[in-house]
Amino acid sequence: MKTGLTKKQKVTEVFYNAKDPTAEIYTHDTKLKKRLLSYAAKYPELCRQTDDDGQGGLWFEIDKYRISIRLTAPYSEERRRKSSDYAKSH
């Protein structure tokens, strides 16, 4: 879809606060939009699409306890080597 927006303008934003039980997600990310649309179809009591900006961005409202942020430590050189060796042998 041609939107006239640059890649830098195609953002994903998550808004929530300590008081409200829901969060709002605004995204242009195609994979995330598909995941959220699928989740909303399966669990309409927890997630729903609330708006479409007409330029490829969608707004969703979701139970904020369904969102998590995963921070991963970088692989050590040893782990990277073992993963590489395993991939080569399989």
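- Looking only at side-chain heavy atoms (C-beta outward), Ser84 and Lys88 come within less than 4.5 Å of each other.
- By the 4.5 Å heavy-atom criterion applied to side chains, Thr22 and Glu61 are counted as neighbours.
- Contact check for Asp53 versus His28: side-chain heavy atoms found under the 4.5 Å cut-off.
- One finds the OG atom of Ser38 at 15.0 Å from the NZ atom of Lys33 (value rounded to the nearest 0.5 Å).
- What you find for Asn17 and Lys64 is that their closest heavy atoms are O-NZ, 2.5 Å.
- Put simply, the side chain of Thr27 does not reach to within 4.5 Å of the side chain of Glu13, judged on heavy atoms.
- Membership of the apolar cluster around Ile67 extends to Val14, Tyr16, Ile25, Leu32, Leu36, Leu37, Tyr39, Tyr43, Leu46, Leu58, Phe60, Ile62, as traced through chained side-chain contacts below 4.5 Å between ILVMFWY residues.
- Enclosure of atom CZ in Arg80 by more than 12 non-hydrogen atoms of other residues, nucleotides or ligands within 6.0 angstrom is indicated.
- Taking 4.0 Å as the cut-off between side-chain N and carboxylate O, Glu77 and Arg81 do not count as a salt-bridged pair.
- Sorted by first and then second residue, the ring-ring contact (aromatic ring centres under 6.0 Å, His included) pairs with a member in residues 69-89 read Tyr86-His90; sequence neighbours excluded.
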